[in-house]
Amino acid sequence: MEDKSEALVVLKEFDNLMMAEIAKSILDSAGIYCTLYDECMSALYPPTAIPVRLMVRQEDFADAEHILENR
């Protein structure tokens with residue numbers, strides 16, 4: 001089984017968890033593996049203190065960026 005956590009890079013950072021979830025949903029629908037980092041930190045810290053990071057595989061970065069820019 002492939003380890004999908006290898007070579008993940010930050011595609012985008014969000015101050016708003018809902019916007020991060022929407023972006024993740026768009027990429028999931030396009031078949032691009034992605035995950036959110038630090039999404040639970042907003043319960044402990046103000047949202048702007050630790051942004052939610054949308055992570056993708058490095059080889060999917062350009063496609064994912066294009067998809068989100070054109071939505």
Could you check if a side-chain atom of Leu54 sits within less than 4.5 angstrom of a side-chain atom of Leu27, using non-hydrogen atoms only? yes

Side chains of Val10 and Met55 in contact at under 4.5 Å (non-hydrogen atoms): yes

Roughly how far, to the nearest 0.5 Å, is [atom2] of [Y] from [atom1] of [X]?
X: Cys34; Y: Leu8; atom1: SG; atom2: CG; answer: 10.0 Å
X: Asp60; Y: Leu11; atom1: CG; atom2: CG; answer: 10.0 Å
X: Ile26; Y: Ile67; atom1: CD1; atom2: CD1; answer: 9.5 Å
X: Arg71; Y: His66; atom1: CZ; atom2: NE2; answer: 10.5 Å

Check side-chain contact (heavy atoms from CB on, under 4.5 Å) between Met19 and all other residues, then give those that pass, not counting sequence neighbours.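 Once residues adjacent in sequence are excluded, the partners of Met19 under the side-chain contact (heavy atoms from CB on, under 4.5 Å) criterion are Phe14, Asn16, Ile22.
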
Go through the structure and list residues passing salt bridge (charged side-chain N to carboxylate O under 4.0 Å, His left out) with Asp63, not counting sequence neighbours. none

Which residues share a salt bridge (charged side-chain N to carboxylate O under 4.0 Å, His left out) with Lys24, sequence neighbours left out: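 With sequence neighbours excluded, Lys24 shows a salt bridge (charged side-chain N to carboxylate O under 4.0 Å, His left out) to Asp28, given in chain and number order.
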
Enumerate the salt bridge (Lys or Arg N to Asp or Glu O under 4.0 Å) contacts for residues 30-40, please, sequence neighbours excluded, ordered by first and then second residue.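 The answer is Asp38-Arg53.
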
Donor-acceptor pair, distance only, cut-off 3.5 Å: does the side chain of Ser25 make one with the backbone of Glu21? no

How far apart are the closest heavy atoms of Asp15 and Pro51, and which atoms are they?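 For Asp15 and Pro51, the tightest heavy-atom pair comes out as OD1-CB, 4.1 Å.
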
